[in-house]
Engineer: 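Sharing a structure here in structure tokens format.
Bear in mind that the values here come from a model prediction, so they are computed numbers and not experimental data.
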Amino acid sequence: SIGPPVVKSLRKATDLRLDCHLMMTNPGDYLEAFKKAGADSCTVHVEIGDTAALIAQMRDLGLGVGLAVNPDGDYALVEPFLADIDLLLVMSVFPGFGGQSFIPGVLDTVRSARAEIDAKGLGVVVQIDGGIDLSTIPDAAKAGATNFVAGTAVFGATHPAAAANALRRAAEGAVAA
């Protein structure tokens with residue numbers, strides 16, 4: 001829903017890191033356009049095709065590399081690429097629209113990824129996206145996620161900044177406990 005023209009506009013307004021999650025079947029056709037628009041990194045789904053070629057294409061373009069796995073996806077598809085990526089996105093809902101309920105079974109994927117990343121000393125960020133709110137973020141943080149995508153919980157709130165801060169505190173509190 002947000003293509004290169006929106007990324008280009010956002011880039012003019014911020015120096016923040018822009019990672020673009022490409023929920024599409026042909027992301028390789030758009031990587032260069034996202035890079036030119038100002039994306040710092042792109043995240044593609046492991047389920048859609050030639051993962052090695054997409055990773056190489058992103059690296060050649062100077063993009064950071066993210067790899068996403070769907071809730072029903074096979075973590076074994078991700079494992080061979082952990083050393084080649086910067087970010088692993090575990091989807092905790094099915095891609096497509098906001099407001100879906102968190103799928104708790106994906107926490108096993110988060111735990112497996114965190115264990116392997118830590119055991120190998122990799123610097124891969126583990127991100128979780130979907131149904132993240134004050135009731136789900138503590139479990140996601142305890143499982144090993146360090147980056148959280150919370151659309152509805154933030155942008156559906158009366159005070160988005162306060163909602164984001166509450167989520168941060170909940171994640172930090174869960175890890176510290």
Engineer: How long is the gap from CG on Asp86 to SG on Cys42, to the nearest 0.5 Å?
Structural biologist: 11.5 Å
Engineer: Would you indicate whether the side-chain heavy atoms of Asn165 and Leu167 approach each other to under 4.5 Å?
Structural biologist: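 The answer is no; the side chains never approach within 4.5 Å.
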Engineer: Side chains of Thr43 and Asp19: is there a donor and an acceptor less than 3.5 Å apart?
Structural biologist: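 There is such a pair between these side chains.
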Engineer: If we check side-chain contact (heavy atoms from CB on, under 4.5 Å) with Thr51, which of these qualifies: Ile55, Ile48, Leu54?
Structural biologist: Ile55
Engineer: Search all heavy atoms of Leu18 against all heavy atoms of Thr14 and return the closest pair with its distance.
Structural biologist: CD2-CG2, 4.4 Å
Engineer: If you look at every heavy atom in Ala170 and Ile137, which pair is closest and at what distance?
Structural biologist: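 Shortest heavy-atom contact: CB-CG2, 3.6 Å.
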Engineer: Taking Val90's backbone N and O only, do any of them form a donor-acceptor pair with Gln127's side chain (distance below 3.5 Å, no angle check)?
Structural biologist: no
Engineer: Could you tell me which non-hydrogen atom of Ala140 sits nearest to which non-hydrogen atom of Ile128, and how far apart they are?
Structural biologist: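 Heavy atoms of Ala140 and Ile128 come nearest at CB-CG2, 4.0 Å.
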Engineer: Contact between Ile132 and Val149 at the side-chain level, heavy atoms closer than 4.5 Å - yes or no?
Structural biologist: no
Engineer: Indicate the atoms forming the closest heavy-atom contact of Leu88 with Ala113, along with that distance.
Structural biologist: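 Of all heavy-atom pairs spanning Leu88 and Ala113, the closest is CD2-CB, 3.4 Å.
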Engineer: Has the side chain of Ser92 got a donor or acceptor atom that lies under 3.5 Å from a matching backbone atom of Asp129?
Structural biologist: yes
Engineer: Would you find a donor on one side and an acceptor on the other, under 3.5 Å apart, between the side chain of Gln57 and the backbone of Gly28?
Structural biologist: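 Such a contact is found between Gln57 side chain and Gly28 backbone.
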Engineer: With a 4.5 Å limit on heavy-atom distance, are the side chains of Val44 and Leu67 in contact?
Structural biologist: yes
Engineer: When rounded to the nearest 0.5 angstrom, what distance separates CG in Leu82 from OH in Tyr75?
Structural biologist: 4.5 Å
Engineer: Which heavy atom of Ala141 sits nearest to which heavy atom of Val175, and what is that distance?
Structural biologist: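 For Ala141 versus Val175, the nearest heavy atoms are CB-CG2, 3.7 Å.
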Engineer: Working note: Val69 + Thr109, criterion side-chain contact (heavy atoms from CB on, under 4.5 Å); need CA distance, chi angles, decisive distance, verdict.
Structural biologist: CA-CA 9 Å; Val69 61; Thr109 300; 4.2 Å; yes
Engineer: Between Leu89 and Phe102, is there a shared hydrophobic cluster once you connect ILVMFWY residues whose side-chain heavy atoms come closer than 4.5 Å?
Structural biologist: no
Engineer: I'd like to know if Ile85 and Met23 are part of one continuous hydrophobic network [Ile/Leu/Val/Met/Phe/Trp/Tyr, side-chain heavy atoms within less than 4.5 Å].
Structural biologist: no
Engineer: Check the surroundings of atom CD in Glu79: do more than 12 heavy atoms from other residues, nucleotides or ligands lie under 6.0 Å from it?
Structural biologist: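 Yes, enclosed.
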Engineer: Between His21 and His45, is there a side-chain heavy-atom distance shorter than 4.5 Å?
Structural biologist: yes
Engineer: Find out whether Leu87 and Val65 are in side-chain contact, i.e. whether some heavy atom of one side chain is under 4.5 Å from a heavy atom of the other.
Structural biologist: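 Counting from C-beta outward, Leu87 and Val65 never come under 4.5 Å.
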Engineer: Any link between Val93 and Val46 through a network of hydrophobic side chains (Ile, Leu, Val, Met, Phe, Trp, Tyr) touching at under 4.5 Å?
Structural biologist: no
Engineer: Which pair of non-hydrogen atoms, one from Gly64 and one from Arg59, has the smallest distance, and what is that distance?
Structural biologist: CA-NH1, 4.1 Å
Engineer: Between Asp139 and Arg111, does at least one N-O distance fall below 4.0 Å, as a salt bridge requires?
Structural biologist: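 Salt bridge absent between Asp139 and Arg111.
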Engineer: Under a 3.5 Å distance rule, please check whether Glu47 uses its side chain to pair with a backbone N or O of Asn70 as donor and acceptor.
Structural biologist: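 Yes: the side chain of Glu47 pairs with the backbone of Asn70.
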Engineer: Within a radius of less than 6.0 Å around OH of Tyr30, do more than 12 heavy atoms belonging to other residues, nucleotides or ligands occur?
Structural biologist: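 No, because the 6.0 Å sphere around OH of Tyr30 holds 12 heavy atoms or fewer from other groups.
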Engineer: With a 4.5 Å heavy-atom cut-off, do Met58 and Leu31 have their side chains touching?
Structural biologist: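 When only atoms from C-beta onward are counted, Leu31 and Met58 do touch, with a gap below 4.5 Å.
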Engineer: Please check if atom CZ in Arg168 has more than 12 non-hydrogen atoms from other residues, nucleotides or ligands closer than 6.0 Å.
Structural biologist: no
Engineer: Under 3.5 Å, is there a donor-acceptor pair between the side chain of Asp50 and the main chain of Ala53?
Structural biologist: yes
Engineer: Would you call Val110 and Val126 a side-chain contact if the rule is heavy atoms closer than 4.5 Å?
Structural biologist: yes
Engineer: Quick one: do Lys35 and Asp60 make a salt bridge, cutoff under 4.0 Å?
Structural biologist: no
Engineer: Is the closest side-chain heavy-atom distance between Lys36 and Pro4 below 4.5 Å?
Structural biologist: no
Engineer: Would Leu61 and Glu32 count as a side-chain contact (heavy atoms from CB on, under 4.5 Å) here? Give the steps.
Structural biologist: CA-CA 7 Å; Leu61 289 168; Glu32 187 172 355; 4.1 Å; yes
